[in-house]
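First comes the structure, then the notes that go with it.
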Amino acid sequence: MKISTKCLHSGYKPGNGEANALPIYQSTTFTYDSTDHVGQLFDLSASGHFYTRLSNPTTDVVEQKIADLEGGIGALCTSSGQSATTLAILNILHAGDHMVSTATIYGGTVNLFAVTMKKMGIEVTFVDADASDEEIQKAFKPNTKAMFGETIANPAIAVLDIERLAGIAHKNGVPFIVDNTFATPVLCRPFEFGADIVVHSTTKYMDGHAVQMGGVIVDSGNFDWTNGKFPEFTVPDESYHGIVYTEAFGKAAYITKARVQMMRDLGAAQTPMGAFLLNLGLETLPLRIKQHSKNAEEVAAYLATRTDKIEFINYPTVPGNKYYDLAEKYLPEGKSGVIAFSIKGGREVAAKFIDSLKMINLVVHVADIRTCVLHPASSTHRQLTDEQLVAGGVTPGLIRLSVGLEDVEDILEDIKQALDQI
Ligand SMILES: *Cc1c(COP(=O)(O)O)cnc(C)c1O
């Protein structure tokens, strides 16, 4: 099946007389006839649902669908994008371990790595994703256990050279984890370029309607956990009667451990209702993400004509953008819907631009069907001085615009009248 067909059919094939749309199994628990069967479920020798923290029939369908969309062998839905990243990493790293991450990643992930994981004893070195192989290699240490990057990163709208970075990770015997939130598997499938694990905030384009928090971890099944660096996968897990993940589950060792150990213990589960809403979003994802991309390309082209008010625009299709070639390689069908651009004149002028918008919503969110806008300098980055902002790649006049699915003429008209007021 091709990708749009998978969005509709993967994971759920109703039988004779069964519900055509995905049913919501709004139940925490599932009943069995014998203690013997329940014992087998706990031993992981039989498969079946018994408790919704670990698995649920509605969520299971969505997991199979997303795994299929990414070209992976399995997936685990989580309560948010943050919990997906957290579980994906804690499934591999623990206190005393080290990770290399590109610096241009989601701000929440930066905090997770630099603050919370640091407190847990996990050290993260941030590297410039555009640096040479030699520069990036210098960040690796004997205790490095993973590398992390983001397909399209905010606010630079930087496109990740997945194939090159996967090569560096593999040379060091560690997996490459990619946050594919902004691209979605419709525009880019990182496994095709050597990534080993993909995470998403499904809160963004996958749900797409700004109704449900969620995340997902997807396993390519390609990474060799028996290379000597990852004993947690190859020595018996006493909390599961001495099971050895690589022996019992082969290629699915990583995603099985994520579920039966990480989700069991940390509990950041998606709800059945949440999985249902996510599935509804996934069904129309290809149509939406291509239109988001098309509208964003038109908006970026218009912004490029307004050099009277705008100092720069970050979007791959704008002439001269440094990520043009990488975007052509990794995002041939669309560059997604998020644009960053900087208004001349600083914080107050940028704030006035935003306050002058009539249709476009001011929200702390991106990747919504409705066009929305955010001014980092007066919201998420409010506490920083102008100098600190620039050091973090955010100018005082930077605007993050998430282009929605309204008629593009209406989006352009609103931007034009607001620009004319500053
Ligand atoms: C929003 C976002 C996250 C975090 O996801 P939540 O669902 O908000 O927890 C992670 N990565 C990227 C790229 C995001 O945009």
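Please read all numbers here as calculations on a predicted model, not as lab measurements.
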Inset, instruction - Check step by step if side-chain contact (heavy atoms from CB on, under 4.5 Å) holds for Arg382 and His375. - result: CA-CA 9 Å; Arg382 184 178 185 79; His375 180 215; over 6 Å; no
Legend entry - Spacing of CE belonging to Met263 relative to CG belonging to Leu87, to within rounding of 0.5 Å: 5.5 Å
Inset, instruction - Check the surroundings of atom OH in Tyr324: do more than 12 heavy atoms from other residues, nucleotides or ligands lie under 6.0 Å from it? - result: no
Inset, instruction - Look up atom OG in Ser220 and atom NZ in Lys251, then write down how far apart they are to the nearest 0.5 Å. - result: 7.5 Å
Inset, instruction - For Ser336 and Phe182, indicate whether the former's side chain and the latter's backbone hold a donor-acceptor pair under 3.5 Å. - result: yes
Inset, instruction - Can you label the angle between the His170 ring and the Phe223 ring as parallel, tilted or perpendicular, going by 30° and 60°? - result: tilted
Inset, instruction - First locate atom OG1 of Thr256, then atom CG of Leu76, and finally report the distance between them rounded to the nearest 0.5 Å. - result: 10.0 Å
Inset, instruction - For the pair Glu297 and Lys294, find out whether any cationic side-chain nitrogen is under 4.0 Å from an anionic carboxylate oxygen. - result: no
Inset, instruction - Indicate whether the side chain of Gln64 and that of Asp60 have a donor and an acceptor atom separated by less than 3.5 Å. - result: yes
Could you pull out every donor-acceptor pair under 3.5 Å between side chains of residues 103-116 and any protein atom, sequence neighbours left out?
none

Legend entry - Identified side chain to side chain contact (heavy atoms under 4.5 Å, CB included) counterpart of Val186 within the set Lys6, Lys290, Glu333: Lys290
List the atom pairs, donor and acceptor, that lie under 3.5 Å between side-chain atoms in residues 409-422 and the rest of the protein, sequence neighbours left out.
| unit_1 | atom_1 | unit_2 | atom_2 | d |
| --- | --- | --- | --- | --- |
| Asp414 | OD1 | Lys358 | N | 2.9 |
| Asp414 | OD1 | Gln417 | NE2 | 2.7 |
| Asp414 | OD2 | Lys358 | N | 3.3 |
| Asp414 | OD2 | Met359 | N | 2.8 |
| Asp414 | OD2 | Ile360 | N | 2.9 |
| Lys416 | NZ | Asp420 | OD2 | 3.4 |
| Gln417 | OE1 | Gln421 | NE2 | 2.7 |
| Gln417 | NE2 | Ser356 | O | 3.0 |
| Gln417 | NE2 | Asp414 | O | 3.3 |
| Asp420 | OD1 | Arg306 | NH1 | 3.3 |
| Asp420 | OD1 | Arg306 | NH2 | 2.9 |

Legend entry - Ion pair check, Glu283 and Arg288, cut-off under 4.0 Å: no
Inset, instruction - Nearest 0.5 Å please: distance from the CG atom of Asn279 over to the CG atom of Leu8. - result: 9.0 Å
Inset, instruction - On the 0 to 90° scale, with breaks at 30° and 60°, tag the Phe341-Phe353 ring pair as parallel, tilted or perpendicular. - result: perpendicular
Legend entry - Reported CG-to-NZ distance for the pair Asp224 and Lys229, which is rounded to 0.5 angstrom: 12.5 Å
Legend entry - side-chain hydrogen bond (donor to acceptor under 3.5 Å, both in side chains) involving Thr246 - partner list, sequence neighbours excluded: none
Inset, instruction - Indicate yes or no for a side-chain donor-acceptor contact from Thr59 to the backbone of Ser55 under 3.5 Å, with no hydrogens or angles considered. - result: no
Legend entry - Parallel, tilted or perpendicular: rings of Phe233 and Tyr245 (30°, 60°): perpendicular
Legend entry - Within 6.0 Å of NZ in Lys329, more than 12 heavy atoms from elsewhere: yes
Legend entry - Other residues, nucleotides, ligands: >12 heavy atoms within 6.0 Å of Phe249 CZ: yes
Throw together a table of side-chain donor-acceptor distances under 3.5 angstrom for residues 361-369, partners on residues two or more places apart or in other chains.
| unit_1 | atom_1 | unit_2 | atom_2 | d |
| --- | --- | --- | --- | --- |
| Asp368 | OD1 | Arg370 | N | 3.4 |
| Asp368 | OD1 | Arg370 | NH2 | 3.2 |
| Asp368 | OD2 | Arg370 | NE | 3.4 |

Legend entry - Criterion side-chain contact (heavy atoms from CB on, under 4.5 Å) on Leu405 and His292, from CA distance to verdict: CA-CA 6 Å; Leu405 301 182; His292 278 293; 3.8 Å; yes
Legend entry - Check: Tyr25 main-chain N/O paired with Asn56 side-chain donor or acceptor under 3.5 Å: yes
Legend entry - Trace of the side-chain contact (heavy atoms from CB on, under 4.5 Å) decision for Val100 with Phe140: CA-CA 7 Å; Val100 177; Phe140 282 82; 4.1 Å; yes
Legend entry - From Leu44, Ile243, Ile255, residue fulfilling side chain to side chain contact (heavy atoms under 4.5 Å, CB included) relative to Val260: Leu44
Inset, instruction - Kindly say whether the aromatic ring centers of Phe193 and Tyr330 come within a distance under 6.0 Å. - result: yes
Legend entry - Straight-line distance of Thr102 OG1 to Asp128 CG, nearest 0.5 Å: 9.0 Å
Legend entry - Verdict with reasoning, Phe312 to Thr395, per side-chain contact (heavy atoms from CB on, under 4.5 Å): CA-CA 10 Å; Phe312 65 80; Thr395 58; 3.7 Å; yes
Inset, instruction - Decide, yes or no, whether a salt bridge links Lys145 with Glu232 under the criterion of side-chain N to carboxylate O below 4.0 Å. - result: no
Legend entry - ring pair (Phe, Tyr, Trp, His ring centres under 6.0 Å) partners of residues 43-91, not counting sequence neighbours, each pair once: Phe30-His49, Phe42-Phe50
Inset, instruction - Answer yes or no: is there an ion pair linking Asp130 with Lys322, defined by an N-O contact shorter than 4.0 Å? - result: yes
Inset, instruction - Quick one: list whatever passes side-chain hydrogen bond (donor to acceptor under 3.5 Å, both in side chains) with Thr144, sequence neighbours left out. - result: His98
Legend entry - Asn295 and Gln291: side chain donor to acceptor below 3.5 Å: yes
Inset, instruction - Could you tell me whether a side-chain N or O of Thr371 sits under 3.5 Å from a main-chain N or O of Gly404, the two making a donor and an acceptor? - result: yes
